[in-house]
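Have a look at the structure below before the remarks.
Note that the structure is a prediction, hence the values are computed from the model and not measured. For the numbers below, each heavy atom of this structure counts, side chains included, while hydrogens, waters and symmetry mates do not. Naming: A, B, ... by sequence-line order, numbering from 1 per chain.
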Amino acid sequence: MSYDHQKIEAKWQERWESEKVFRATEDPSRPKFYNLCMYPYPSGALHQGHIRNYTFGDLLTRYKTMRGFNVLSPMGWDSFGLPAENAAIESGVNPRENTEAQIVTMTRQIKQLGAMYDWDRELASHHPDYYRWDQWLFLQLFERGLAYKKEAPVNWCPKDQTVLANEQVVDGACERCGTIVEKKNLAQWFFRITDYADRLLDDLDQLDEWPDRVRTMQRNWIGRSEGARFTIAVAGGDLSFEVFTTRPDTIYGMTFCVLAPDHPLVGSLIEGSENEQEAREYIAASASATEIERMAEGDKTGVFTGRYALNPVNDQQVPIYVADYVLMGYGTGAIMGVPGQDQRDWDFAARYGLEIIRTVEPPPRWEGEAYTGEGPTINSGFLDGLEQMGAKERIIEWLEEKGIGLGTVQYRLRDWLISRQRYWGSPIPMIDCPSCGLVPVPEDQLPVLLPDVKDFAPKGQSPLATADEWVHTTCPACGGGARRETDTMDTFVDSSWYFLRFTDPHNERVAFEQENARYWMAVDQYIGGVEHAILHLLYARFITKVLSDMGLSPVTEPFSRLFTQGMITLGGAKMSKSKGNVVDPLELFASHGADSLRLYHLFMGPPTDDAAWDTNGVEGTSRFLDRLWRVVTETDGFEGPADPELVALAHRTAKKVTEDIERFVFNTAIPPLMTLTSSLIEATQAGIDRQTFDQVVEFLVKLLAPMAPHISHELWERTGHGTMLANEPWPEWDPELVAQATVTMVVQVNGKVRGRVEVPADISAEDAERVALGLEKVQGWVEGAEIRKVVSRPPNLINFVVG
RNA sequence: GCCCGGGUGGCGGAAUGCAGACGCGAGGGGCUUAAACCCCCUUGAGCCGUUACGGCUCGUGUGGGUUCAAAUCCCACCCCGGGCACCA
């Protein structure tokens with residue numbers, strides 16, 4: 001008989017909630033643990049990715065609670081965003097009502113998983129008492145010069161008359177109507193994250209409990225490179241342009257220059273040139289291609305402008321090209337082409353028959369194309385013989401002396417565009433006054449409430465612009481008529497500080513009280529999908545640093561330890577609604593129960609890796625829990641002897657499970673629990689005494705409590721305990737019982753296993769050798785041959801090398 | 001094209017000096033009037049032996065290398081997945 005999971009799970013969910021077992025209160029006498037899963041977008045239903053995330057998080061909440069930590073594990077909603085707005089456009093449903101209904105549904109489902117949160121701290125970013133502080137945050141950045149407005153292009157669908165997110169642009173066309181997307185310039189708000197580029201980069205070194213993979217991605221995203229900027233004159237006239245290079249030491253190898261197609265100088269360069277027509281066609285073609293298309297195309301194409309540039313070091317004339325492998329958005333939008341030392345330049349030079357000069361001596365027998373490694377500088381006048389670093393320093397000095405350039409640092413990171421021409425977001429608290437200009441809304445007038453609008457259909461401007469009464473306001477500075485900003489904020493702004501709000505979620509006076517933030521921050525464990533490895537995590541780090549500079553955040557880094565989980569696949573593809581390969585968690589709650597599902601998620605593979613879904617696996621973990629249920633509830637008549645070996649196994653299991661949880665590797669924590677259960681079943685069939693049984697069951701139930709909490713709590717109660725298992729201490733193991741008196745030593749001859757023998761755990765090398773050579777089978781392999789070497793690793797292994 | 005991961009039985013995976021733990025699936029058997037549930041046995045490939053559930057060889061994408069010893073470390077290549085803003 002399998003246990004009645006429906007009834008038991010409902011019973012314990014009700015008790016945990018009504019007894020507020022996981023409510024967190026500030027208590028300086030206990031060590032704190034702030035455990036946070038990335039707050040979800042309320043999409044309407046839990047999917048397996050959520051289940052995986054909250055199973056890991058809840059395991060940790062429960063484990064750390066049993067280890068005596070004061071655990072804060074809050075839950076909230078990233079409830080502004082595009083899907084609710086799209087639903088409003090398509091079916092007219094009100095975004096607020098729709099979102100709130102979805103939150104109700106998902107809350108119920110999270111509770112069905114048995115995942116415990118301090119629901120008293122629940123927050124949702126679409127609530128005015130939350131986004132009021134988004135607006136406050138915006139004003140702080142504005143005051144510090146970290147928020148500014150400038151023109152920037154957006155994706156514009158001319159047919160739908162609306163701005164599109166990158167996600168809504170598919171192959172250069174509007175995903176809804178297929179119209180080719182255009183670029184359109186709009187004045188938009190930015191956060192000056194580039195001011196923090198160096199600190200965001202340097203502080204990655206402190207984050208030694210983050211995955212290296214994520215740190216590498218952030219490092220590459222910020223993309224600091226040291227090099228030089230200098231001016232290159234165009235031959236025959238007074239035009240010039242600036243280039244940036246990381247390899248100024250290779251300047252003598254410059255055999256051409258390239259400008260980006262949208263470089264402002266291009267028009268005047270090609271005007272009247274013999275190649276003008278061809279160049280214009282090329283530029284027009286590259287403007288219509290999306291960046292992705294340009295990337296996908298392997299070949300580097302370009303067109304000669306008909307003009308020449310002068311190399312500042314030797315006045316050599318080199319041709320100037322326009323090519324779309326150079327981007328206006330990075331550096332100066334112009335480069336010096338050095339094919340000898342750069343593979344992309346090599347490819348370009350090879351295609352257009354341009355000269356190639358090596359300025360770095362490659363190693364002997366070098367057969368590659370561009371050589372990007374170290375070596376002595378050659379063919380380079382006064383730089384000859386210098387190594388890369390020395391040559392760089394020397395040429396930068398020279399450029400600076402001549403006043404045509406300077407050593408500089410270039411970042412790949414761009415400022416954060418936070419304006420969205422959308423309804424369902426936090427309104428930007430600014431007012432545009434015809435006489436005073438851009439005026440911030442005074443803090444005491446926050447929140448700027450999101451107005452109700454009737455029609456969400458796009459009409460060429462932000463839906464907020466249609467709320468006439470809301471838009472027309474008075475200027476806080478001069479009292480004259482003025483207009484409100486109608487853009488809303490990127491939802492990444494909401495999520496860049498919510499972890500701070502969780503420390504003091506209901507405060508109406510300030511965003512969060514210092515004392516609370518000091519107690520709880522930083523987040524000790526942050527858990528979420530790797531898709532947030534760059535943007536969300538970088539923005540949260542940036543805002544935390546800004547708040548720290550303001551003296552408000554007690555930490556400069558928000559997340560001490562980061563865990564990124566793998567995604568769930570089925571049939572070789574990511575499980576997703578659009579692919580139609582989802583397995584609904586609700587059905588599994590009903591058929592097998594939350595505990596079986598949780599256990600399967602923990603068991604199915606390493607938490608960091610993608611995992612292939614197999615519903616049969618839930619069957620397996622469910623069978624395991626059934627076996628445990630039966631042995632605990634159905635065993636009677638304890639006439640047998642004590643079983644110290646079984647008790648020792650329980651202690652060893654406790655050690656292994658604890659170590660695996662600490663390492664965040666859950667899939668290997670479960671087999672020992674299965675083995676211990678099987679051993680207990682065998683032992684009860686043979687007959688054991690009550691004390692052995694009780695001891696082993698206590699270990700099992702407690703070790704399983706964070707993984708399969710419902711059945712564990714029920715068994716704890718049924719074995720005569722009146723306490724709440726969640727608050728019981730984590731089991732301690734006895735080191736003496738864990739230590740094994742004897743171990744199996746492997747005996748190898750020439751690296752092949754030829755025998756095994758039980759030996760004392762503290763055996764000496766000499767004794768190990770004697771025992772091993774005493775084995776009949778081993779003798780067969782070594783006799784008649786000379787033992788040339790003995791590699792002894794007592795007590796686990798010994799290897800005889802014979803020949 | 002560039003960057004980051006990863007290739008182990010029929011499948012998910014375990015193993016950092018014993019390859020295949022644990023689970024799934026498959027095959028066989030038991031229980032049952034029957035089925036489900038449950039329980040037991042077998043399950044990388046090939047071979048030898050069967051008095052011995054004993055032994056031998058091969059085997060972790062491919063080819064090399066280092067080592068007493070390589071799934072694990074190094075080099076080259078192939079394939080799969082993910083990311084991308086051709087970042088000078």
Which part of the nucleic acid, if any, lies within contact of [X], taking any heavy atom under 4.0 Å across all strands shown: a base, the sugar-phosphate backbone alone, or nothing?
| X | value |
| --- | --- |
| A/Arg412 | base |
| A/Ser225 | sugar-phosphate |
| A/Gln748 | base |
| A/Trp613 | nothing |
| A/Val801 | sugar-phosphate |

Query raised in the report: Is it true that A/Asp626 and A/Arg630 make a salt bridge, defined as a side-chain N closer than 4.0 Å to a carboxylate O?
Result: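 A salt bridge is absent here (no side-chain N lies under 4.0 Å from a carboxylate O).
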
**Report entry** Residues in salt bridge (Lys or Arg N to Asp or Glu O under 4.0 Å) contact with A/Arg754, at least two apart in sequence or another chain
**Finding:**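 A/Arg754 satisfies salt bridge (Lys or Arg N to Asp or Glu O under 4.0 Å) with no other residue.
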
Requested in this report: State which residues pass salt bridge (Lys or Arg N to Asp or Glu O under 4.0 Å) with A/Arg344; sequence neighbours excluded, sorted by chain then number.
Outcome: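 A/Arg344 satisfies salt bridge (Lys or Arg N to Asp or Glu O under 4.0 Å) with A/Asp342 once adjacent residues are dropped.
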
**Report entry** side-chain contact (heavy atoms from CB on, under 4.5 Å) against A/Arg224, all qualifying residues, sequence neighbours excluded
**Finding:**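 With sequence neighbours excluded, A/Arg224 shows a side-chain contact (heavy atoms from CB on, under 4.5 Å) to A/Asp198, A/Leu201, A/Glu226, A/Val409, A/Tyr411, given in chain and number order.
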
Query raised in the report: Of all residues at least two apart in sequence or in a different chain, which pass the side-chain contact (heavy atoms from CB on, under 4.5 Å) check with A/Ala650?
Result: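 Listed in chain order: A/Leu676, A/Val696, A/Phe699.
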
**Report entry** For RNA chain B, the dot-bracket pattern of Watson-Crick and G-U pairs whose distances stay under 3.5 Å, | for other-strand partners
**Finding:** (((((((..(((....[....)))((((((.......))))))(((((.....)))))..(((((..]....))))))))))))....

Which whole number of Å gives the distance between the [atom1] atom of [N] and that of [M]?
| N | M | atom1 | answer |
| --- | --- | --- | --- |
| B/rG30 | B/rG63 | P | 46 Å |
| B/rC58 | B/rA70 | P | 12 Å |
| B/rC18 | B/rU33 | C1' | 50 Å |
| B/rA26 | B/rU16 | C1' | 32 Å |
| B/rA19 | B/rU72 | P | 14 Å |
| B/rA15 | B/rG28 | P | 33 Å |

Report task. May I ask you to list the residues of residues 786-800 of chain A, by number, that have any heavy atom positioned under 4.0 Å from an atom of RNA chain B? Result ->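 Contacts with RNA chain B under 4.0 Å: A/Lys789, A/Val791, A/Arg793, A/Leu797, A/Asn799.
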
Distance test, side-chain N/O of [X] to OP1/OP2 of [N], below 4.0 Å:
| X | N | answer |
| --- | --- | --- |
| A/Arg344 | B/rC87 | yes |
| A/Arg219 | B/rC3 | no |
| A/Arg623 | B/rG25 | yes |

Requested in this report: Write out all pairs satisfying salt bridge (Lys or Arg N to Asp or Glu O under 4.0 Å) with one or both partners inside residues 247-260 of chain A, taking only residues at least two apart or from two chains.
Outcome: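 Residue pairs with at least one partner in residues 247-260 of chain A: A/Arg247-A/Asp249.
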
Residues 791-803 of chain A side chain polar contacts: donor-acceptor under 3.5 Å, at least two apart:
residue, atom, partner, partner atom, Å
A/Asn799, OD1, A/Asn750, N, 3.4
A/Asn799, OD1, A/Gly751, N, 3.0

Report summary line: Under a 4.0 Å heavy-atom criterion, the protein footprint on nucleotides 54-59 of chain B, written with B, S and -, is -SSSS-

Requested in this report: Give a yes-or-no answer on whether the side chains of A/Thr231 and A/Glu242 include a donor-acceptor pair shorter than 3.5 Å.
Outcome: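 A/Thr231 vs A/Glu242: no donor-acceptor pair found between side chains.
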
Query raised in the report: Looking at A/Ile356, A/Ile357, A/Thr250, A/Thr245, which one forms a side chain to side chain contact (heavy atoms under 4.5 Å, CB included) with A/Val338?
Result: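 It is A/Thr250, the one option of A/Ile356, A/Ile357, A/Thr250, A/Thr245 that forms the side chain to side chain contact (heavy atoms under 4.5 Å, CB included) with A/Val338.
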
Could you go over nucleotides 6-16 of chain B and give all protein N or O partners under 3.5 Å, atom names and distances?
residue, atom, partner, partner atom, Å
B/rG12, O2', A/Met604, O, 2.8
B/rA14, OP1, A/Asn667, ND2, 2.6

Below 3.5 Å is the cut-off: list the nitrogen or oxygen pairs between protein and nucleotides 44-53 of chain B, distance only.
none

Query raised in the report: Passes ring pair (Phe, Tyr, Trp, His ring centres under 6.0 Å), A/Phe348 versus A/Tyr321? Steps please.
Result: CA-CA 10 Å; A/Phe348 191 78; A/Tyr321 278 74; 5.3 Å; yes

Requested in this report: Check whether any side-chain heavy atom of A/Thr608 sits under 4.5 Å from a side-chain heavy atom of A/Phe664, and report yes or no.
Outcome: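 No, too far: nothing below the 4.5 Å cut-off.
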
Report task. Would you give the length of the straight line joining atom OH of A/Tyr539 to atom CD1 of A/Ile534, rounded to the nearest 0.5 angstrom? Result ->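 Here the interatomic distance stands at 10.0 Å.
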
Query raised in the report: B/rC38 base to A/Arg630 side chain: any donor-acceptor pair below 3.5 Å?
Result: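 Flag unset: no donor-acceptor pair detected.
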
Requested in this report: List the steps and the verdict of side chain to side chain contact (heavy atoms under 4.5 Å, CB included) for A/Tyr600 and A/Asp614.
Outcome: CA-CA 9 Å; A/Tyr600 173 60; A/Asp614 178 10; 3.7 Å; yes

Report task. Over 60° means perpendicular and under 30° means parallel, so classify the ring planes of A/Trp613 and A/His601, tilted if in between. Result ->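 Aromatic pair A/His601/A/Trp613 classed tilted.
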
Query raised in the report: In terms of ring plane angle, is the pair A/Phe191 and A/Trp416 parallel, tilted or perpendicular, where the classes change at 30° and 60°?
Result: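 Rings of A/Phe191 and A/Trp416: perpendicular, over 60°.
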
**Report entry** Counterpart residues, side-chain hydrogen bond (donor to acceptor under 3.5 Å, both in side chains), relative to A/Arg598 (two or more places apart)
**Finding:**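 A/Arg598 satisfies side-chain hydrogen bond (donor to acceptor under 3.5 Å, both in side chains) with A/Asp58 once adjacent residues are dropped.
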
Report task. Identify whether the glycosidic angle of B/rG9 places it syn (within 90° of 0) or anti. Result ->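 Syn, angle within 90° of zero.
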
